[in-house]
Amino acid sequence: MSAPRAQEAVTVSVFAQRFSATRRGARLARRLATHRLDLWDLPYGSPASDTVTLVVAELAANAVLHGRVPGRDFELRLTYDRSAGLVRVEVSDTHPGHPQLPDAAVRPSADADGGRGLFLVEAAADRWGVVARTGPGKTVWAECTVHVPDDPRPVGRRADRRSMPHHEVPEGVDPLAVLLAGREEDDR
């Protein structure tokens, strides 16, 4: 009889969700991503959370503005590899067109309403790209290195969250429902 082997700790966490290809869907994707990062001990307002949230916001906005196909959703997938200190953001849509890659020589004018999204992604992420996906469309991905201080406390107990803005979600209540309830505040 062999000796029992200790299981290795799970170091990769994944969050995936589909959203309507609307401004509200993009906003909800950003809010849920920030909430999920906080659950993964990348607290609200931290440099890691702010960077990943910016990338999610820009890629979700692009999926809604440029990748929208009527009647189709977009998907957000976050993968956090704790051991590598890396968060991968993937936003998939069903539009066949690929985004225009930013050209450093052709920057949008200062008074332009848009055109900065991929410049921001390129500046914030360590690397990013576009790949084909199974079925119609493409996936735009970005990877961000995150630094989390070593802390002997158990996961979920690292940050003192009392001073951070967040929603209290009672056990057994869907956090999505709580975030959706707050959407009316965003619309005001």
Side-chain angles (χ1 to χ4, degrees), residues 9-20 22-65 74-93 102 116-129 139-171 173-188:
V10 175
T11 60
V12 177
S13 299
V14 177
F15 169 80
Q17 179 74 44
R18 295 179 69 110
F19 298 93
S20 64
T22 62
R23 289 176 39 192
R24 181 171 281 162
R27 185 173 55 245
L28 184 58
R30 176 186 50 81
R31 291 186 71 183
L32 284 176
T34 305
H35 179 71
R36 179 58 52 176
L37 293 168
D38 186 59
L39 293 175
W40 289 342
D41 290 318
L42 300 171
Y44 295 107
S46 69
S49 178
D50 289 348
T51 298
V52 174
T53 299
L54 171 68
V55 170
V56 168
E58 293 303 330
L59 295 183
N62 282 352
V64 168
L65 293 173
F74 73 93
E75 181 180 76
L76 168 67
R77 180 183 212 57
L78 299 175
T79 307
Y80 177 31
D81 184 340
R82 285 175 187 75
S83 62
L86 187 73
V87 175
R88 182 177 172 99
V89 178
E90 297 177 1
V91 175
S92 301
D93 63 57
R116 295 177 185 81
L118 291 179
F119 283 109
L120 291 171
V121 170
E122 188 170 72
D126 295 313
R127 59 197 151 277
W128 73 278
T139 297
V140 182
W141 60 269
E143 293 178 341
C144 302
T145 302
V146 295
H147 302 285
V148 178
D150 291 332
D151 193 327
R153 289 176 282 174
V155 171
R157 305 274 184 226
R158 293 185 179 156
D160 179 6
R161 297 185 178 150
R162 289 173 292 196
S163 63
M164 296 179 195
H166 67 285
H167 296 280
E168 290 293 331
V169 181
E171 190 170 325
V173 173
D174 181 12
L176 178 59
V178 173
L179 288 172
L180 286 173
R183 75 180 181 202
E184 288 149 8
E185 293 175 23
D186 288 347
D187 292 338
R188 289 183 200 161

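A quick note: this is a predicted structure, and the numbers were derived from the prediction, not measured.
Taking CD of Glu122 as the reference point, atom CZ of Arg127 lies at 13.5 Å (rounded to 0.5 Å). Rounding to the nearest 0.5 Å places OH of Tyr80 at 9.5 Å from CG of Leu86. Taking CZ of Arg77 as the reference point, atom OG1 of Thr139 lies at 9.5 Å (rounded to 0.5 Å). Between atom CD of residue Gln17 and atom CZ of residue Phe74 there is a gap of 9.5 Å, rounded to the nearest 0.5 Å. The structure places NE2 of His147 at 9.5 Å from OG1 of Thr51, a figure rounded to the nearest 0.5 Å. Taken from CG in Leu78 to CG in Leu37, the straight-line distance is 6.0 Å, to the nearest 0.5 Å.
Atom CZ of Arg23 has 12 or fewer heavy atoms from other residues, nucleotides or ligands within 6.0 Å.
For the residue pair Ser83/Asp81, the side-chain donor-acceptor check at 3.5 Å is satisfied.
In plain terms, the two heavy atoms of Arg82 and Ser13 that are nearest each other are NH1-OG, 2.8 Å. What you find for Ala142 and Val121 is that their closest heavy atoms are CB-CG1, 4.2 Å. Nearest heavy-atom pair, Pro43 versus Asp38, reported as atom, atom and distance to 0.1 Å: CA-OD1, 3.3 Å. The shortest heavy-atom contact between Leu32 and Phe19 is CD1-CE2, 3.7 Å.
Looking only at distances, a side-chain donor or acceptor of Asp126 sits under 3.5 Å from a matching main-chain atom of Thr145.
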In residues 52-59, what donor-acceptor pairs under 3.5 Å come from side-chain atoms, sequence neighbours left out?
residue : atom : partner : partner atom : Å
Thr53   : OG1  : Thr34   : OG1          : 3.0
Thr53   : OG1  : Ser49   : O            : 2.7

